[in-house]
Amino acid sequence: MKLILLGTGGFLPTDSAQTACYFLPEVGVMLDAGSGSFHLPKYLQRPELDIFLSHAHGDHTSGLTYLFASYLKADWLRRGETLGADNIADFVHRANEALPRTRIHADENTLAFVKPIYAYLPYQWHPLQAQEPLPGGGMLTHFLMDGGTIGFRLDWPGHSLAYITDVVARPDSAYIEKIKGVDLLLHDCNGPDHLSDLTDHIGHSHLSAVLQIAASAQVKRLVLIHSSPIEPLDYSADFESARPLFPAAEIGYDGMELDF
Ligand SMILES: [Zn+2]
């Protein structure tokens, strides 16, 4: 199973990192829809798209505005036709037909904030179910974390993934049990250890705490996401010295492709 990191930044897009968006092309599943969703056209394979939102913040949802143009561009890339006055109406028509096939899944709190903002678009809105079947015999489950964000776990026979964002990683975090043993963990990491007071305060995680979570949950591989656009919070200089806490760790970047 392939996962593409479309946006690995948090808060604000930068030249190097768009905001939160992660895509599984084979099953048409998107985890959060931040500004990174503009990369979708080159990866879109299926006619239907299921988007699961962790919470309502704009860095996780602003990309919902780009889907019409994403569908149009994906269609154009697939067809390889020259675009002109004679066929643009057909492209627009097909993009408009794709919009209502977009299913957005979120908890009631998130739906209450986000749905009114995008009410002008014909998306399908679905309250998150305890078990969400996925193409390929998979299942998505979710859990509420401290701070109010939803964490996700996706399991297929032989492949598993967990997505944890916008949370303070603590040694006793209840979600550790939920992500036990996954093949791939994407986890919020928002700053170096010496700024842990600050990352705690803003509801995010610092480097060594995340590595310790991955070790306690006995995941196979960890990719750090939701980097900060504010330079003092760049933890990359500390990464190699902290890595012995969980050696199978990497820093995620936009465009990274992961097989799990
Ligand atoms: Zn965020």
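For ligands, and for the atoms within them, numbers begin at 1 and follow the listed sequence. FYI, the numbering just counts along the sequence from 1. Side chains are part of it too, since the values below use all heavy atoms of this structure and drop only hydrogens, waters and symmetry mates.
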K2/E257 salt bridge by N-O under 4.0 Å criterion: yes

Sidechain N-carboxylate O distance under 4.0 Å for E250, R221: yes

Heavy-atom closest contact (V167 atom, D146 atom, distance): CG2-O, 3.6 Å

D75/R79 ion pair, N-O < 4.0 Å: yes

Nearby protein N/O/S atoms (those under 2.8 Å) for the Zn ion (ligand 1), with water ignored: D59 OD2, H60 NE2, D166 OD2, H226 NE2

F23: which of L31, L3, L44 passes side chain to side chain contact (heavy atoms under 4.5 Å, CB included): L44

Identified side chain to side chain contact (heavy atoms under 4.5 Å, CB included) counterpart of F260 within the set L154, V182, L24: L24

